[in-house]
Amino acid sequence: QRHSGVQADLATLLVPWTTLQASSRARRWRRVGAAIALASCAALFAAASFSDPFNPIPALLACVGGFGAWVAMRARSRRQFEVGVSSIGQVMLREHDASDSSGAVAVEMTFASPWLISLRRGTMLVAIWPDSLPPSAYRQLWVHLRWGRAMPSDDRGRQPSNRANSADH
């Protein structure tokens, strides 16, 4: 019965299922990080090489760091996900090839801003950059995450204030 309730909640979505695309912004940041790491490793290796008594430990650390940067930049197969918001306000994630909502799982927001949204389920962290969704879908998702919790059910019975821009009453 609980499964059918989830199916009913996913029948009408506040934010429709949208496929997450590879983000060029995230790729640029990874490249900048790798360039900084490789430059640091090269400087460490040069310092170790030109030291008067050669010390192999910094040279070895530089090689390990360079290898780590190379491994981090390698293309890896990524599963494609779709994100949506159910009619009860839960942010849901499912694999792209799932034709129905049976594989959808609820995720929690860990960070939301106009430039990045991070969602988590257990140890899985999904970063959603603005260029990984159509602009309108990203805006809808961000607005829901930012303001969706300010629904009347969250007011705990308090009456709205008559003052404009009042955040504390």
*asked:* I need the minimum non-hydrogen distance between Asn55 and Ala48, along with the two atoms involved.
replied: O-CB, 3.9 Å
*Would a distance-only check, ignoring hydrogens and angles, find a side-chain to backbone donor-acceptor pair under 3.5 Å from Arg121 to Glu108?*
no
*Are Met109 and Val105 co-members of a hydrophobic cluster defined by side-chain heavy atoms under 4.5 Å apart?*
yes
*CG/Leu125 to CZ/Arg120 distance, rounded to the nearest 0.5 angstrom?*
5.0 Å
_Can you tell me how far apart CZ (Phe81) and CH2 (Trp17) are? Round to the nearest 0.5 Å._
11.5 Å
*asked:* What verdict does the side-chain contact (heavy atoms from CB on, under 4.5 Å) test give for Thr19 and Gln80, after you've listed the backbone C-alpha separation in whole Å, the side-chain angles of each residue and the deciding distance to 0.1 Å?
replied: CA-CA 7 Å; Thr19 303; Gln80 270 199 316; 3.9 Å; yes
*Backbone N or O of Pro16 within a donor-acceptor pair of the Thr18 side chain at under 3.5 Å?*
yes
*State the CZ-CZ distance between Arg31 and Arg28, to the nearest 0.5 angstrom.*
9.5 Å
_Leu119 vs Ile117, test: side-chain contact (heavy atoms from CB on, under 4.5 Å). Steps then yes/no._
CA-CA 7 Å; Leu119 305 174; Ile117 295 173; 4.0 Å; yes
*If we only count heavy atoms from C-beta on, is the Val83 to Val126 side-chain gap below 4.5 Å?*
no
*Short side-chain to backbone donor-acceptor contact, His144 and Val85, under 3.5 Å*: no
_Using side-chain heavy atoms (C-beta onward) and a distance below 4.5 Å, is Ser118 in contact with Ile128?_
no
*More than 12 heavy atoms of other groups within 6.0 Å of Phe67 CZ*: no
*Taking only residues at least two apart or on different chains, which pairs with a member in residues 130-141 satisfy side chain to side chain donor-acceptor pair (under 3.5 Å)?*
Ser23-Asp131, Ser24-Asp131
*Should Val143 and Leu20 be regarded as members of a common hydrophobic cluster, given that ILVMFWY residues are connected when their side-chain heavy atoms come within less than 4.5 Å of each other, either directly or indirectly?*
yes
*asked:* Please find the pair of heavy atoms, one from Arg27 and one from Ala22, that lie closest to each other, and give the distance.
replied: NH1-CB, 4.4 Å
*Salt-bridge contact Arg94-Glu82 (side-chain N to carboxylate O under 4.0 Å)*: yes
*Taking atom CH2 of Trp29 and atom CH2 of Trp129, what is their separation to the nearest 0.5 Å?*
7.0 Å
_Closest non-hydrogen atom pair, Ala59 against Phe54_ = CB-CZ, 4.0 Å
*Considering non-hydrogen atoms only, spot the tightest contact between Cys41 and Gly66 and give its length.*
SG-N, 3.3 Å
